[in-house]
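Here is the structure we will look at, set down as structure tokens.
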Amino acid sequence: MQLSHYLPDEDVLSFWDKDTAQRWKAVGFSIDEEAQLCIAMADPLDIRITDQIKRVVPAHIPLRFFIAAPDDVAHFIMLAYGGVENFKQHLSEMEQEIIAPSEKMLGLDANDAHPVIATVEALLAEAVAIGASDIHLEPEEKSVRIRVRIDGLLKTLSLLHRVSWPRLAQRIKVLAGMDIVDSRNIQDGRFHLNIAHKNVDFRVSILPTQHGENIVIRLLDQARALLPLEKLGFSAPQEKLLRRLCLRPDGMVVLTGPVGSGKTTTLYALLRLLDHQTRSIRTLEDPIEYQLDGIRQTQVREQFGLSFAEGVRAVLRQDPDVLLIGEIRDTDTAQMALRAAMTGSQVFTTLHTQDSFGVFPRLREFGLSPGLMSGNITATVAQRLVRVLCAACKQMRAPDAQLKAVLADSVHLPHTVGHPRGCVVCDHTGYKGRMVISEVLPIDGEMDELVVQGATRAQLLKCARAKGFISMAQDGVAKLAAGMISLESLMAEVDLIHDAAGI
Ligand SMILES: [Zn+2]
């Protein structure tokens with residue numbers, strides 16, 4: 001049976017509590033037309049458990065048992081009883097009020113204290129508490145799904161009745177300063193709240209879908225984004241290289257990686273290694289996500305003529321020592337960034353490329369000649385964020401034989417690797433947090449020479465290897481051998497077959 005088709009219902013959950021449900025791997029999910037209590041179980045043939053269930057449910061209620069996958073049962077229990085009690089409680093109060101308004105409610109206007117306001121606040125507080133990076137509110141045909149992104153993966157937090165959706169959406173629009181009447185257009189907004197003594201910024205984006213407005217709220221939590229370099233998961237040699245690069249007075253450091261690979265967090269960590277008392281540190285960002293102490297930040301506004309390239313031109317007239325350019329996405333910006341590096345500023349920036357070697361062909365596409373790049377790009381860095389195994393429950397054993405056979409030609413896997421298991425600490429996912437997997441490619445005279453000659457990736461890689469270059473795949477396999485990450489979590493982010501050939 002498919003548990004995911006059912007909405008958790010208070011009436012059928014009240015016979016036993018969450019702990020018991022988890023122990024029994026059994027959960028009530030519905031009352032059918034014949035007034036039978038329907039119970040989903042991982043093993044309905046286990047009579048020790050069915051007997052106990054018969055003892056706690058009043059005798060006049062007939063029982064009907066269904067078999068369901070153990071993971072589905074565990075997930076439904078999480079959803080139904082919630083690790084999110086507070087939010088759930090507000091949600092159910094709100095739904096009751098909307099479905100059957102009490103007399104107290106009828107006399108109030110929408111701006112007065114209202115369960116909707118409490119529900120939205122509880123949802124935001126819950127998302128901050130569990131370390132979510134985004135909240136997705138997704139109207140479907142009959143319900144609204146609320147999902148949160150934790151460590152890069154979405155997880156359903158709750159399903160709610162569609163009837164409460166317009167009020168909830170309206171409240172979020174009010175908070176984000178949006179037009180509450182308009183439900184047909186794209187809208188963007190942001191707001192700021194102090195939650196549990198933490199300053200959190202929320203960026204809201206609304207996009208209409210066939211079932212109504214889909215809302216995504218991004219959480220910008222200062223405390224999580226401003227981690228020091230040593231907390232990001234760089235291996236010791238990579239971290240040392242990065243620290244050395246920051247000591248150079250000029251030249252350009254280019255970070256690459258897809259959206260969500262933690263580039264901004266790394267850039268901020270690098271900037272904070274620099275002395276802002278004696279140097280002028282400037283940034284151009286789109287948008288400014290976090291405020292940094294002692295650093296002058298400028299928001300790029302293309303619509304008002306302040307593009308990245310214009311911004312660099314303007315900042316260069318203000319005598320900067322260090323310049324962070326949020327992203328190079330056109331020829332103009334690429335040329336201005338290089339000019340800044342050539343005229344004595346230390347430049348940090350990002351580009352979208354697969355790996356650290358992809359920077360040179362990409363900059364050539366942007367019209368930079370290899371001769372100009374030579375001597376001015378000090379390093380390229382590529383990174384990914386990979387889920388870390390939960391230390392409380394991971395298991396070390398041999399890697400999956402099939403996977404091992406597939407990878408045999410490219411990677412020498414360690415004899416034992418960590419496998420996810422799942423426990424209360426990691427919310428039964430087997431993972432907790434993420435770490436950086438990276439490659440740092442310093443560009444010295446010899447590498448410069450190769451770039452000028454238009455060397456292929458293979459030639460550059462060979463030269464880098466001879467100088468001790470560690471690729472993302474190698475860094476990942478080392479962390480795999482140390483039991484920090486699993487083969488599955490590594491392969492989800494790093495192309496072992498392509499990157500690792502011959503390691
Ligand atoms: Zn665990």
Side-chain angles (χ1 to χ4, degrees), residues 1-4 8 16-27 40-46 48-49 67-85 126 129-133 147-157 224 231-233 235 384-407 411-437 473 475-494 496:
M1 67 146 312
Q2 273 294 347
L3 265 180
S4 56
W16 58 92
D17 63 14
K18 183 180 177 182
D19 285 348
T20 313
Q22 281 173 339
R23 210 167 53 242
W24 290 350
K25 297 185 177 59
V27 64
M41 285 184 74
D43 181 10
L45 298 178
D46 187 338
R48 283 168 314 164
I49 292 172
I67 187 163
D71 282 354
D72 289 347
V73 174
H75 187 67
F76 194 83
I77 292 170
M78 279 302 297
L79 261 184
Y81 293 93
V84 287
E85 315 292 354
E126 193 58 49
I130 58 181
S133 60
R147 296 197 288 175
V148 287
R149 192 179 289 284
I150 302 172
D151 294 340
L153 293 186
L154 283 170
K155 171 190 150 186
T156 299
L157 194 68
R224 289 176 71 83
K231 288 271 165 66
L232 301 181
S235 62
R384 301 286 187 276
L385 286 178
V386 171
R387 302 173 83 202
V388 175
L389 284 162
C390 168
C393 66
K394 71 179 173 196
Q395 273 179 323
M396 296 298 291
R397 53 187 160 81
D400 178 83
Q402 266 182 340
L403 259 183
K404 198 173 171 183
V406 172
L407 291 173
V411 194
H412 298 299
L413 291 179
H415 291 302
T416 61
V417 297
H419 289 263
R421 193 161 53 173
C423 68
V424 286
V425 175
C426 56
D427 196 12
H428 303 279
T429 60
Y431 295 95
K432 192 119 181 100
R434 288 188 291 175
M435 75 190 309
V436 164
I437 301 291
D475 187 34
V477 171
K479 283 163 178 162
L480 184 68
M484 295 169 174
I485 57 177
S486 73
L487 189 52
E488 291 77 10
S489 66
L490 176 60
M491 289 180 67
E493 301 299 332
V494 177
L496 285 184

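Model, not experiment: these values are computed from the prediction.
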Task: Sub-4.5 Å side-chain heavy-atom contact between Ile437 and Lys479 - done: yes
Open item on the list: Main chain of Gly483, side chain of Lys394: is a donor-acceptor contact present, judged purely on distance under 3.5 Å?
Closed with: yes
TODO: State, to 0.1 Å, how close Ile150 and Gly131 come at their nearest heavy-atom pair, and which atoms those are.
DONE: CG2-O, 4.4 Å
- [ ] Give, for atom NZ of Lys25 and atom CG of Asp72, the distance between the pair rounded to the nearest 0.5 Å.
- [x] 14.0 Å
Task: Nearest non-hydrogen partners of Cys393 and Gly430, listed with the distance - done: SG-CA, 4.3 Å
Task: Minimal non-hydrogen separation, Ala68 against Leu3, with atom names - done: CB-CD1, 4.3 Å
Open item on the list: Could you measure the distance from the CZ atom of Arg434 to the CD1 atom of Ile485? Nearest 0.5 Å is fine.
Closed with: 13.0 Å
Task: Approximate separation, where rounding is to 0.5 Å, of Asp400 CG and Leu413 CG - done: 10.0 Å
Task: Side-chain heavy atoms of Leu389 within contact of Tyr431, under 4.5 Å - done: yes
Task: Test item: Gln22 and His428 side chains (from C-beta on) under 4.5 Å apart, heavy atoms - done: yes
TODO: Please assess Thr429 against Arg387 for the test side-chain contact (heavy atoms from CB on, under 4.5 Å), listing each intermediate value before the final yes or no.
DONE: CA-CA 11 Å; Thr429 60; Arg387 302 173 83 202; 4.3 Å; yes
Task: Interatomic spacing from OG1 in Thr20 to CD1 in Ile77 - rounded to 0.5 Å - done: 10.0 Å
Open item on the list: Side chains of Leu403 and Met491, heavy atoms from C-beta outward: is any pair under 4.5 Å?
Closed with: yes
- [ ] Over all heavy atoms of both residues, which pair between Val477 and Pro414 is shortest? Give the atoms and the distance, please.
- [x] CG1-CD, 4.4 Å
TODO: Measure the CE-NE2 distance between Met396 and His419 for me, rounded to the nearest 0.5 Å.
DONE: 8.0 Å
Open item on the list: For a 4.5 angstrom cut-off between non-hydrogen side-chain atoms, does Leu487 reach Leu407?
Closed with: yes
Open item on the list: For a 4.5 angstrom cut-off between non-hydrogen side-chain atoms, does Val436 reach Leu385?
Closed with: yes
Open item on the list: In the structure I gave you, are the side-chain heavy atoms of Thr416 and Arg397 within less than 4.5 Å of one another anywhere?
Closed with: no
Task: From CG (Leu157) to CD (Glu126), nearest 0.5 Å - done: 6.5 Å
Task: Closest approach of Val148 to Ile130 (non-hydrogen atoms, all atoms of both residues) - done: CG2-CD1, 4.1 Å
TODO: Please report the shortest heavy-atom distance between Asp151 and Lys432, naming the atom on each side.
DONE: OD2-C, 3.8 Å
Task: Side chain Trp16, main chain Trp24, donor-acceptor under 3.5 Å - done: no
